[in-house]
Amino acid sequence: MFYLSEIEHKLRLPPHLLNLPLNEAIKGELEGLFVDKVIANLGLIISIYDIRSIDDGFIYPSEGASTYTKNHGVLQVKFRLVVFRPFVGEVITAKLKESKAEGLRLSLGFFDDIYVPAPLLPDPSRSEPDPENKNQVRWIWKFDELDYPIDGIDEIRFQVHNVSYPSMPLEQDKDSKPFAPMVIKGSLDADGLGPISWWI
């Protein structure tokens, strides 16, 4: 689920940070640039783990800011990131965020774009209006003549079906949902998956 990834980056260090220890100043700038952002095919950046190498900075004329780059014979800043990138088949525990006719939306607290479409819910499942929220439905799995609701009380185990990195749309309707740069599609259709209380 979490990985260490090493990357290199051209970094401009503003003059007001030059009085700080170099590692501290660079780490702060890198955190502002990368933490809580998604890099396509890499994942969601959780934190800067460490800085592997920093070469001498070059100060461009009339700028006053130190730039750590390959230009003018110096190297880029090399550092490692803690990345959230689940693999296909991984089983993860999450909380219910939304329950709609199309399926479920789950949340890990720090990541909310996890969707379980209706065809990947336990079979047979049905939806009915949620008495507590008129804008949502409640999904119910029927097994051995008993109903097992997915009501958001328990944590939910799901299996990662795929991870995608959609292209950013050029324009978006006002009423469309916010763009998600990383989307996880999950499944509950296997033994041991679904609300934890089902299997205790």
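Quantities reported herein were computed from a predicted structural model and do not represent experimental measurements.
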| remark: Closest non-hydrogen atoms of Gly186 and Leu120, given as atom of the first, atom of the second and distance, are O-CD1, 3.4 Å
| field | Ile184/Phe158 under side-chain contact (heavy atoms from CB on, under 4.5 Å): CA gap, chis, key distance, verdict | value | CA-CA 11 Å; Ile184 298 171; Phe158 71 95; 4.2 Å; yes
| If you look at every heavy atom in Ile114 and Leu108, which pair is closest and at what distance? | CD1-CG, 3.6 Å
| query | Parallel, tilted or perpendicular: which describes the rings of Phe111 and Phe84, with under 30° parallel and over 60° perpendicular? | reply | tilted
| field | Closest non-hydrogen atom pair between Gly43 and Met182, with its separation | value | CA-SD, 3.8 Å
| field | Face-on cation placement of Arg85 at Tyr3 ring, 6.0 Å and 45° thresholds | value | yes
| Shared hydrophobic cluster, Ile196 / Ile140 (ILVMFWY, side-chain heavy atoms < 4.5 Å) | no
| said: Run the side-chain contact (heavy atoms from CB on, under 4.5 Å) test on Ile26 and Phe79 for me, step by step, so that the C-alpha distance in whole Å, both residues' side-chain angles and the decisive distance to 0.1 Å come before the verdict. | reply: CA-CA 10 Å; Ile26 288 180; Phe79 57 100; over 6 Å; no
| remark: What one should report as the nearest heavy-atom pair of Leu22 and Ile54 is CD2-CG2, 4.0 Å
| Going hydrophobic residue to hydrophobic residue with side-chain gaps under 4.5 angstrom, can you get from Ile51 over to Leu11? | yes
| said: Can you tell me how far apart OG (Ser47) and CG (Leu4) are? Round to the nearest 0.5 Å. | reply: 8.5 Å
| Are Lys95 and Asp154 within salt-bridge range, i.e. N to O under 4.0 Å? | no
| Would Phe143 and Ile150 show up in the same hydrophobic cluster when neighbours are defined by side-chain heavy atoms closer than 4.5 Å? | yes
| message | Tell me if a side-chain donor or acceptor on Glu8 pairs with a main-chain N or O of Lys78 at a distance below 3.5 Å. | response | no
| Can you list the steps and then say if Leu81 with Ile48 is a side-chain contact (heavy atoms from CB on, under 4.5 Å)? | CA-CA 5 Å; Leu81 303 161; Ile48 307 297; 3.2 Å; yes
| query | In terms of the angle between their ring planes, are Trp198 and Tyr148 parallel, tilted or perpendicular, with boundaries placed at 30° and 60°? | reply | perpendicular
| field | Partners meeting salt bridge (Lys or Arg N to Asp or Glu O under 4.0 Å) with Asp191 (sequence neighbours left out) | value | none
| For Val116 against Ser187, the heavy-atom pair lying closest together | CG1-CA, 4.3 Å
| query | Got a donor-acceptor contact below 3.5 angstrom from the Arg52 side chain to the Arg80 backbone? | reply | no
| query | Can any side-chain N or O of Asp151 pair as donor or acceptor with the backbone N or O of Ile153 at less than 3.5 Å? | reply | yes
| field | Partner residues of Asp130 under the salt bridge (Lys or Arg N to Asp or Glu O under 4.0 Å) criterion, sequence neighbours left out | value | Arg138
| said: The test is side-chain contact (heavy atoms from CB on, under 4.5 Å); show your working for Leu106 and Leu96 and say whether it passes. | reply: CA-CA 5 Å; Leu106 306 177; Leu96 181 65; 4.0 Å; yes
| task | List the atom of Trp199, the atom of Ala190, and the distance in Å for their closest heavy-atom pair. | result | CZ2-O, 4.3 Å
| said: With a 4.5 Å cut-off on side-chain heavy-atom distances among I, L, V, M, F, W and Y, is there a chain of contacts connecting Val88 to Val183? | reply: no
